[in-house]
Q: 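One structure is given below, represented as structure tokens, and several questions about it will come after.
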2 protein chains.
Amino acid sequence: MMPKPSAANQNPSVPKSDVVYRILKRAILDQAFAAGTKLPEDSIGERLGVSRTIVRQALARLNGEGLVELRPNRGACVSHPSVEDGHDIFVVRRALETLVVDSLIGRLTPPKIEALEAHLDAEDKARVGDPSTSIHLAGEFHVLLARLTENAILSRYVTELVSRSSMILSLYGRPHSSDCAVSEHRTLIAALARNDREKARELMGHHIEAITVRALLKSKGEDDLAHLLAAYAREEGL
Amino acid sequence: MMPKPSAANQNPSVPKSDVVYRILKRAILDQAFAAGTKLPEDSIGERLGVSRTIVRQALARLNGEGLVELRPNRGACVSHPSVEDGHDIFVVRRALETLVVDSLIGRLTPPKIEALEAHLDAEDKARVGDPSTSIHLAGEFHVLLARLTENAILSRYVTELVSRSSMILSLYGRPHSSDCAVSEHRTLIAALARNDREKARELMGHHIEAITVRALLKSKGEDDLAHLLAAYAREEGL
DNA sequence: CTCCCGTTTAACGTATACATATTGTCTTTG
DNA sequence: CAAAGACAATATGTATACGTTAAACGGGAG
């Protein structure tokens, strides 16, 4: 049996903890680990050929981003956000992505617009291919948009929210909803390109709302076992 | 010399790394450490009576919140945000705090309003006392407001932004600017209490803008030595 | 006197070892 | 038979040790 999954020793100039962080993050977002899955430091470290120290750091970081829950003395597990968490996330996301649009108006240089359109093309191409890639690109679109504002904090927050949105979508969304319609992205970019602030804001608002509906649609009182039980327990006075 | 600063061993049910995290965070926000101060794991651990492991975790967490800069293989130091960072922070803060107001309208129960007014009274009392306490309370007001939305993500972001704002203020603000005028907080709460959404939004917007001006006022081309040097260097083609 | 390069030193990155807390199970007892 | 307590297994919390990197220093050549 091979001691490591693949890839020989990487350049040590990139800390291992970063590598493990990315691996775990990707695994979680790709739903390789279902929500609630326990993430023991030992097994992960052994599987990845690193010590617990590294895994621990990665888990702490993921916890900071809301992807991993860290229960003291009880181990880490993949986050299982509630429907309420979902609402909270999308409410904040709408505010911040509207700010993204605002920040971008009047500051989108031609090369930036090109980058965006290149991304749209990629999204289109992926639409007929791997659905996993398609979903990933749809999220990346929003991340790219945020990054173009050159506002580091805004970019970081949007990135985090997009990640968590994708968790919400996988938990409560339609089985194979295509996340974001590419056409909505296109019309938004068009409005941005002609510096139509009001239209762009409106489009982004509607777009996020559409995503919200898709992500939380299935949630009309099903599937969120923990949440339902909590409701019943409350009725019983527990 | 005493091996530990004070306080006997605490309950081990609260992880030491949390304690160290809070100590360092407070120290940074109280400006006990100036911006740019190096934070070597060894010395801090020795001083606090914990191992490097603990300090390391705390530093990583602070880095995640933007209070500490973590240069690979070169150690950690207190963040030294630029004026541009300051602008970025306040832009996002305005968007999110406006969202806070929006979320609160129509949902402020009497006990919540009482809590807010109690805080305002505390702010008033502190105004004549310790200026450090006063500044701290002014920030806490915004944190409290955000927490009352019961939106965990929103609350976390606002808390983080308030922390970073205080760093900006200490770096670029007027020497003894009183951060937030308590009166601005009072009028805002009044508007919230009578569910006047438009007025409350407007007041919050103006308030954040006022804070922004106070925090970045001194920055008209002075004090930010590194930034200025960088500008000159750029002119000289360096 | 200045610049370059090998040496030194301090600090980080990582692994490992020990201590401790929690969970599930088994036994015992009413 | 059910419930309470003890024990073992598992996994985390923390400390320490080792290897390596990068900044600091000092000597020699130009």
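Per chain, numbering begins at 1; letters A, B, ... match sequence-line order. All values below come from the heavy atoms of this structure, side chains included, with hydrogens, waters and symmetry mates left out.
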Q: To the nearest Å, how far apart are B/Leu59 CG and C/dA11 C1'?
A: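 The distance from CG of B/Leu59 to C1' of C/dA11 comes to 13 Å, rounded to the nearest Å.
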
Q: Rounding to an integer number of Å, can you tell me how far B/Lys16 NZ sits from C/dA19 P?
A: 14 Å

Q: Can you tell me the distance, in whole Å, between the CZ atom of A/Arg61 and the P atom of C/dG13?
A: 13 Å

Q: Got a sec, which pairs hit salt bridge (Lys or Arg N to Asp or Glu O under 4.0 Å) with one end in residues 139-155 of chain B, sequence neighbours left out?
A: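 Found B/Lys112-B/Glu150.
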
Q: Rounding to an integer number of Å, can you tell me how far A/Leu70 CG sits from D/dT12 P?
A: 9 Å

Q: Show the distances under 3.5 angstrom between N or O atoms of the protein and N or O atoms of nucleotides 22-24 of chain C.
A:
from: C/dT23; atom 1: OP1; to: A/Arg74; atom 2: NE; distance (Å): 2.8

Q: Listed by chain and number, what are the ring-ring contact (aromatic ring centres under 6.0 Å, His included) partners of A/Phe90, not counting sequence neighbours?
A: none

Q: Would you call the rings of A/His185 and A/His142 parallel, tilted or perpendicular if under 30° counts as parallel and over 60° as perpendicular?
A: perpendicular

Q: How long is the line joining CD of A/Glu41 and C1' of C/dA15, in whole Å?
A: 14 Å

Q: Please give, in whole Å, the distance from C/dA15 C1' to A/Leu48 CG?
A: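 Atom CG in A/Leu48 sits about 15 Å away from atom C1' in C/dA15.
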
Q: Who pairs with A/Asn63 by side chain to side chain donor-acceptor pair (under 3.5 Å), at least two apart in sequence or on another chain?
A: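 Per chain and number, A/Asn63 pairs via side chain to side chain donor-acceptor pair (under 3.5 Å) with no residue.
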
Q: What is the ring orientation for B/His80 with B/Tyr172, classed by angle as parallel under 30°, tilted 30 to 60°, or perpendicular over 60°?
A: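 Ring orientation, 0 to 90° scale: perpendicular.
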
Q: Scan residues 50-58 of chain B against DNA chain D and write down, sorted by residue number, each residue with any heavy atom closer than 4.0 Å; if none is found, say none.
A: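 By residue number: B/Val50, B/Ser51, B/Arg52, B/Thr53, B/Ile54.
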
Q: With the side chain counted from C-beta on, respond yes when A/Leu67 and A/Ser79 share a heavy-atom pair under 4.5 Å apart, and no when they do not.
A: no

Q: Going by the rule side chain to side chain donor-acceptor pair (under 3.5 Å), which residues pair with A/Arg107 if we only count those two or more places apart in sequence or in a different chain?
A: none

Q: Mind checking if A/Asp42 touches a base, just sugar-phosphate, or nothing, with heavy atoms under 4.0 Å?
A: base

Q: Working to the nearest 0.5 angstrom, can you tell me the gap between B/Leu108 CG and B/Leu145 CG?
A: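 B/Leu108 CG to B/Leu145 CG: 7.5 Å, rounded to 0.5 Å.
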
Q: Take atom NZ of A/Lys38 and atom C1' of D/dA11, then tell me their distance rounded to the nearest Å.
A: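 One finds 7 Å between C1' of D/dA11 and NZ of A/Lys38, rounded.
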
Q: Roughly how many Å is it from CD in B/Glu46 to P in C/dA10, rounded to a whole number?
A: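 For the pair B/Glu46 CD and C/dA10 P, the rounded distance is 13 Å.
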
Q: Do A/Cys77 and A/Arg71 come within less than 4.5 Å of each other through their side chains, counting heavy atoms only?
A: yes

